[in-house]
Amino acid sequence: MKNLVDKLYETHNLEDSELKLLLEADGSIDEYLFSLSDKRRQEIYGKDVYLRGLIEITNYCKNNCYYCGIRCGNTKLERYRLTKEDILDCCEQGYNLGYRTFVMQGGEDPFFTDDYMCEIISSIHTKYPDCAITLSLGEKEMESYQAYYNAGARRYLLRQETANEEHYRKLHNASMSSEHRKKCLFNLKEIGYQVGTGIMVGSPYQTTENIIEDLRFMQKLNPEMIGIGPFLTHPDTPFASEKNGSLELTLRLIAILRLLFPYALIPSTTALGTISPMGREKGLKAGANVVMPNLSPTRFRKLYSLYENKICTGEEAAECRQCLEKRVQTAGYQIVTAVGDCIRSDVKPSVK
Ligand code: 5AD
Ligand code: FES
């Protein structure tokens with residue numbers, strides 16, 4: 001098994017059958033795997049960890065994904081939308097804390113028309129010309145993506161969730177398709193966005209073969225960012241009684257991603273911090289190099305409930321920046337703010 005890890009380190013790739021062996025190996029390989037993924041990460045990024053300030057702008061969503069707590073079919077959830085002024089306040093607070101990337105994430109909410117979104121994007125862009133604007137608003141038409149880009153957005157996060165059509169069908173209702181989601185990702189690339197994609201680890205019905213297909217899809221797309229986290233149940237969804245994904249497999253996959261995509265930005269996600277108290281620290285040690293503290297107004301945070309027991313939604317929530325800074329240091333790394341924040345991945349070539 002060590003040979004496989006060496007090969008992955010040296011060649012940035014493995015055969016399907018080798019990936020399967022590694023993904024299904026017992027835990028005894030992890031120490032060695034993480035030592036090489038961390039080595040690779042340090043060769044490229046040193047001990048730097050990048051901050052992306054997350055602003056959850058709306059929990060309205062017209063979609064009905066079986067796993068997601070903000071699905072439109074969840075009638076128990078109280079819904080909210082931030083106003084443009086709320087969003088600008090979040091940016092101001094974030095800017096003063098040293099954030100230079102703002103990620104506006106939300107459900108697919110028609111209230112945020114393209115015109116309104118562009119108005120918000122241009123305002124942020126004008127006020128903070130030194131900041132990167134990232135969007136995570138789901139599947140849109142090419143024209144919408146282009147309009148957001150013209151207004152000043154340069155990055156877009158859209159997880160493929162699963163690259164396998166059959167698996168995709170088991171997680172979504174018939175109005176959605178894996179094919180369309182992939183098309184959106186390639187459209188975003190074509191426009192010139194830096195693109196983030198990713199999957200939930202251990203989503204219902206996921207097989208090792210599905211994960212391998214996801215990795216192959218990512219190799220085709222060549223995303224700048226790859227975000228993964230364990231699937232976590234939400235009581236008010238059709239998947240309420242499914243099993244959670246595992247911390248171990250998520251960490252192993254982070255390490256494999258670091259070795260397959262040496263230059264990728266890989267966040268240590270909130271879902272990882274939710275499944276285990278030290279999950280995000282472990283994610284960093286396995287090869288992740290981004291954290292995404294929550295900048296949303298604390299009064300709304302509980303309502304952006306993608307899954308159960310989501311962290312950073314209670315009393316402690318105002319202090320995500322300090323909390324994460326401590327966590328990153330505990331893991332042996334350092335947060336980079338302001339100037340160094342976003343630039344590196346923009347200039348590094350991608351490794352094939
Ligand atoms: N568990 C884990 N992750 C989830 N997401 C949505 N619902 C869940 C869940 N129940 C993830 C999806 C989505 C991202 C914003 O959150 O991958 O793309
Ligand atoms: Fe939000 Fe720790 S990161 S409280």
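Ligands are counted one by one from 1 in listed order, and the atoms in each one are counted from 1 as well. Computed from a prediction, not measured in an experiment: that's the story for all the values here. Position 1 is the first residue of the sequence; numbering continues from there.
Here ring-ring contact (aromatic ring centres under 6.0 Å, His included) pairs that include residues 279-304, with residues two or more places apart or in two chains, are Tyr80-Phe300.
Checked against the 6.0 Å centroid criterion, the rings of Tyr145 and Tyr156 qualify as a close aromatic pair.
In this structure, Arg100 is positioned above the aromatic face of Tyr95, its NZ or CZ under 6.0 Å from the six-membered ring centre and within 45° of the axis.
Taking the six-membered ring where the residue is Trp, Tyr168 and His172 present parallel rings, their angle staying beneath 30° rather than reaching 60°.
Annotation: Lys127, atom NZ; neighbour count of heavy atoms from other residues, nucleotides and ligands within 6.0 Å is above 12.
Listed by chain and number, residues touching ligand 1 at under 4.0 Å (heavy atoms only) are Tyr67, Cys68, Gln105, Arg159, Glu161, Met200, Pro230, Phe231, Leu232, Leu306, Tyr307.
Side-chain atoms of Arg258 never come within 3.5 Å of backbone atoms of Ser37 as a donor-acceptor pair (strictly under, hydrogens ignored).
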